[in-house]
Amino acid sequence: PTPPAQRRAERAQREARQRMDRDDDVIVGQRVFGCEMIQQMAILLKLPQVGAATAQVMFHRFYAKRSLKKFDVRHVSMGALFLATKVEECPRRVRDVLNVYNHLEQKRVGSVPVPLNVYSHRYEKFKEKLIRAERELLKELGFILYCEHPHKFILNYVQLLTTNNEVRNKLAQHAWNFINDSQRTNVCIKFAPEVICCAAVWMASRVLQIKLPSSSEQPWWEIFGAKKTDMDAVCATVTALYSRPKAHYVQLEADPPPPAPAPAPAPVESTSRQAQLTSAAPSVAAAPAACASCASTCAAPSSAAPSSSEASATGGAAGVDSSAVAASPSSTPILDAGGGKAGDSEAADAPADAEAGVPPEEQSGGKPSMLRRESEASRNGARSDRDRDDDSERRRFRDDDERERDRDREKRRRRDDDEEDERERRRRREDERERRDARDGGRERDRDVRDRDVRDRDVRDRDVRDREPRERERGDRERDYGRFRGERRERDDDRRERERDRDRERDDRDNVRRFHPYDHSK
């Protein structure tokens with residue numbers, strides 16, 4: 001029988017594999033949804049198929065490197081189509097792209113399609129998403145936007161493989177449809193366009209039951225640079241696409257960040273080591289207690305204290321080390337810096353220090369420090385000159401701040417009063433104007449209308465008066481010009497008549513000379 005641990009490991013591996021299969025299925029579904037959205041937007045925008053194909057290739061290239069959980073598939077598909085319209089030289093306005101996207105989104109959620117208002121916050125949000133998606137696409141693709149599609153090879157391949165025009169058209173149309181369906185998968189970035197075109201032609205021939213030319217030496221797809229294994233992979237991917245349910249949008253959540261590592265525990269010393277350190281530490285706080293306990297002894301006259309020679313003799317006689325006796329605080333009085341005994345000045349302060357919690361370093365028995373003197377002074381209620389100066393300075397600053405706030409409040413109150421007075425005066429003027437208009441009964445308006453009518457009539461009369469001399473002058477000029485034209489016509493007629501008479505006389509003279517009746521030799 002299989003051990004329990006091995007069964008648990010196999011079950012965990014099986015569950016992990018199923019979870020990965022589910023995640024892969026969701027990712028493929030989102031890719032299909034994005035490509036279908038690009039195709040629908042291209043149809044509504046009346047784009048050529050090359051624009052939609054380019055957008056789908058950019059879409060697959062982007063998600064080959066980036067995560068579907070970090071970038072929304074709807075925004076990336078919209079940005080890819082907008083970028084493809086520029087690349088394929090069939091640009092569309094941002095407003096049109098956003099309107100189509102909004103239309104598809106409203107249909108997806110089941111609401112009534114309403115045109116997008118260009119001045120709304122929704123339009124601004126969609127525009128920001130579009131521009132950000134386009135920027136991310138350009139950054140991720142490195143501005144390498146050239147795409148070669150298998151659509152352009154269909155007609156050449158079909159023309160070489162078939163001879164009947166009707167069969168050729170059907171085969172080309174079915175192959176075209178298979179290629180458009182393959183754009184929803186990632187075969188466009190995994191295989192060459194020639195391989196995809198050969199696979200589409202092969203699937204179309206199987207569907208239409210058309211026999212393609214075959215040769216035992218070299219198949220027809222190897223002539224076009226395709227391999228049978230690659231064609232089988234493309235056909236399997238497209239066939240799996242047909243067996244999938246309809247793609248729907250799924251909101252993918254980003255993976256949670258990994259938990260922070262726990263801090264390493266502090267090293268703990270052993271109990272014996274702690275006891276050893278505790279026993280080896282000097283007892284600082286014991287000195288004041290000893291001094292307090294032996295206050296009567298320390299306060300005795302200096303003559304009562306044994307000399308160092310006596311102490312050494314006594315210690316030597318009793319068998320006790322003299323250095324240990326000299327180091328004991330109870331047997332040897334502590335001398336002050338001035339040469340006197342410290343017990344005389346500190347005997348009364350030791351209990352107060354122990355009760356007030358003075359730090360041990362200040363209870364060392366030496367001369368009290370400045371900090372200790374100030375703390376003692378503050379406990380006794382005494383204040384130094386510096387404290388009093390600080391208090392007076394703080395009080396002066398506080399009074400200045402209070403006066404400044406009072407001045408600000410007074411300024412604001414005066415400004416509010418002035419504004420209120422101005423509003424009251426304006427309101428009174430408006431009331432007075434309304435009462436005057438009501439009392440006059442519109443007489444001022446009638447007077448204004450009459451004045452306007454008079455001004456208009458004066459303007460018309462002035463125009464008429466100015467127009468008459470101009471018309472008179474124009475008539476005189478026309479008459480003078482007509483008279484001038486008549487006189488000029490008469491002069492021209494007289495001149496032409498004189499010229500004709502002169503020409504006639506010259507011709508007569510020439511004839512007489514040419515045909516003289518008496519001289520036949522001429």
J.: Stepwise, does the ring pair (Phe, Tyr, Trp, His ring centres under 6.0 Å) test hold for F62 with F71?
T.: CA-CA 10 Å; F62 178 79; F71 296 94; 5.3 Å; yes
J.: Just checking E128: does its CD atom have more than 12 heavy atoms from other residues, nucleotides or ligands closer to it than 6.0 angstrom?
T.: no
J.: Before accepting this row, confirm whether a basic side-chain N of the pair E422/R426 lies closer than 4.0 Å to the acidic partner's carboxylate O.
T.: yes
J.: Would one find more than 12 heavy atoms of other residues, nucleotides or ligands at under 6.0 Å from atom CD of E166?
T.: no
J.: When you measure from the side chain of H103 to the backbone of N99, do you find a donor-acceptor pair of N or O atoms at a distance under 3.5 Å?
T.: no
J.: Could you tell me whether a side-chain N or O of Q56 sits under 3.5 Å from a main-chain N or O of I38, the two making a donor and an acceptor?
T.: no
J.: V28 versus T185: any side-chain heavy-atom pair under 4.5 Å?
T.: no
J.: So R122 and N117, do their side chains get closer than 4.5 Å, heavy atoms only?
T.: no
J.: Using 4.0 Å as the upper bound for N to carboxylate O, is an ion pair formed by K86 and E134?
T.: yes
J.: Please check if atom CZ in R414 has more than 12 non-hydrogen atoms from other residues, nucleotides or ligands closer than 6.0 Å.
T.: no
J.: Measure the shortest side-chain to side-chain distance between Q183 and F59 over non-hydrogen atoms and say whether it is less than 4.5 angstrom.
T.: no
J.: Would you say NZ of K152 has more than 12 non-hydrogen atoms from neighbouring residues, nucleotides or ligands within 6.0 angstrom?
T.: yes
J.: When rounded to the nearest 0.5 angstrom, what distance separates CG in L130 from NZ in K125?
T.: 14.0 Å
J.: Rounded to the nearest 0.5 Å, how far does CD of Q40 lie from CG of L104?
T.: 5.5 Å
J.: E105 vs R108, test: salt bridge (Lys or Arg N to Asp or Glu O under 4.0 Å). Steps then yes/no.
T.: CA-CA 5 Å; E105 280 294 299; R108 185 179 64 83; 3.0 Å; yes
J.: To check you understand the geometry: which heavy-atom pair defines the closest contact between A200 and I179, and what is its length?
T.: CB-CG1, 3.5 Å
J.: Is a side-chain N or O of E88 found less than 3.5 angstrom from the main chain of G51, in a donor-acceptor match?
T.: no
J.: For a 4.5 angstrom cut-off between non-hydrogen side-chain atoms, does E419 reach D416?
T.: yes
J.: Counting only heavy atoms from other residues, nucleotides and ligands, does the tally under 6.0 Å from NE2 of H75 exceed 12?
T.: yes
J.: For side chain to side chain contact (heavy atoms under 4.5 Å, CB included), just list the numbers for D72 and K129, CA-CA rounded to whole Å, side-chain angles, deciding distance to a tenth of an Å, and then say yes or no.
T.: CA-CA 10 Å; D72 197 331; K129 297 290 186 184; over 6 Å; no
J.: So, for G34 and S77, which heavy atoms are closest and what is the spacing to 0.1 Å?
T.: O-CB, 3.7 Å
J.: Taking atom types as modelled and ignoring hydrogens, do the side chains of H149 and T54 form a donor-acceptor contact shorter than 3.5 angstrom?
T.: yes
J.: Between E404 and R407 (salt bridge meaning N to carboxylate O under 4.0 Å), is one present in this structure?
T.: yes
J.: Any side-chain donor-acceptor pair under 3.5 Å between N102 and Y123?
T.: no
J.: So, for C35 and H60, which heavy atoms are closest and what is the spacing to 0.1 Å?
T.: SG-NE2, 3.2 Å
J.: Measure the acute angle between the ring planes of H151 and W176, then classify it against the limits of 30° and 60° as parallel, tilted or perpendicular.
T.: perpendicular
J.: How about L81 and L47: do any of their side-chain heavy atoms sit closer than 4.5 Å?
T.: yes
J.: Taking it one step at a time, do E194 and Y157 satisfy side chain to side chain contact (heavy atoms under 4.5 Å, CB included)?
T.: CA-CA 10 Å; E194 295 86 355; Y157 289 2; 3.5 Å; yes
J.: Treating S111 as the side-chain partner and Q106 as the backbone partner, does any N or O pair qualify as donor plus acceptor under 3.5 Å?
T.: yes
J.: Are E420 and R423 within salt-bridge range, i.e. N to O under 4.0 Å?
T.: yes
J.: Tell me, do R184 and Q39 make a side-chain contact under 4.5 Å, heavy atoms counted?
T.: yes
J.: Side-chain donor-acceptor pair under 3.5 Å between Q173 and N169, yes or no?
T.: no
J.: So with a 6.0 Å cut-off around CZ of R244, is the heavy-atom count from everything else above 12?
T.: yes
J.: Between R409 and E402, does any side-chain N to carboxylate O distance fall below 4.0 Å?
T.: yes
J.: Distance check, rounded to the nearest 0.5 Å: T162 atom OG1 versus K170 atom NZ?
T.: 12.5 Å
J.: Does NZ or CZ of R31 lie under 6.0 Å from the centre of the six-membered ring of Y63, at an angle within 45° of the ring axis?
T.: no
J.: Nearest 0.5 Å please: distance from the CE atom of M58 over to the CD1 atom of I189.
T.: 13.5 Å
J.: Which pair of heavy atoms, one from V201 and one from L171, lies closest together, and at what distance?
T.: O-CD1, 4.0 Å
J.: Please check this pair: side chain of R92 against backbone of K46, looking for a donor-acceptor N/O pair closer than 3.5 Å.
T.: yes
J.: Any Lys/Arg nitrogen of R455 or D451 sitting under 4.0 Å from an Asp/Glu carboxylate oxygen of the other?
T.: no
J.: To the nearest 0.5 Å, what is the distance between CG (L155) and CZ (R168)?
T.: 9.5 Å
J.: As a quick check of understanding, evaluate salt bridge (Lys or Arg N to Asp or Glu O under 4.0 Å) for R428 and E432, giving each step before the final call.
T.: CA-CA 6 Å; R428 289 178 181 176; E432 182 66 24; over 6 Å; no
J.: Once rounded to the nearest 0.5 Å, what's the spacing between atom CD of E140 and atom CZ of F143?
T.: 12.0 Å
J.: What is the minimum heavy-atom distance between V100 and L44, and which atoms define it?
T.: CG1-CD1, 3.7 Å
J.: Parallel, tilted or perpendicular: which describes the rings of F126 and Y101, with under 30° parallel and over 60° perpendicular?
T.: perpendicular
J.: Only one of L68, V32, I27 passes side-chain contact (heavy atoms from CB on, under 4.5 Å) with V73; say which it is.
T.: L68
J.: Where do P150 and I196 come nearest, in terms of heavy atoms and distance?
T.: CG-CG2, 3.9 Å
J.: Between D399 and R403, is there a salt bridge with N-O shorter than 4.0 Å?
T.: no
J.: Assess the residue pair D463 and V459 against the criterion (side chain to side chain contact (heavy atoms under 4.5 Å, CB included)); give the C-alpha distance rounded to whole Å, side-chain angles, the decisive distance to 0.1 Å, and a yes or no.
T.: CA-CA 6 Å; D463 292 342; V459 170; 3.8 Å; yes
J.: Looking at R488, I want to see if its CZ is surrounded by more than 12 non-hydrogen atoms of other residues, nucleotides or ligands under 6.0 Å.
T.: no
J.: Could you tell me whether R132 atom CZ has more than 12 heavy atoms of other residues or ligands within 6.0 Å of it?
T.: no
J.: Just wondering, do W202 and W220 contact through their side chains at under 4.5 Å, heavy atoms?
T.: yes
J.: Between Q30 and H248 (side chain of the first, backbone of the second, donor and acceptor by atom type, cut-off under 3.5 Å), is there such a pair?
T.: yes
J.: Please determine whether a side-chain nitrogen of the Lys or Arg among K227 and D230 lies less than 4.0 Å from a carboxylate oxygen of the Asp or Glu.
T.: no
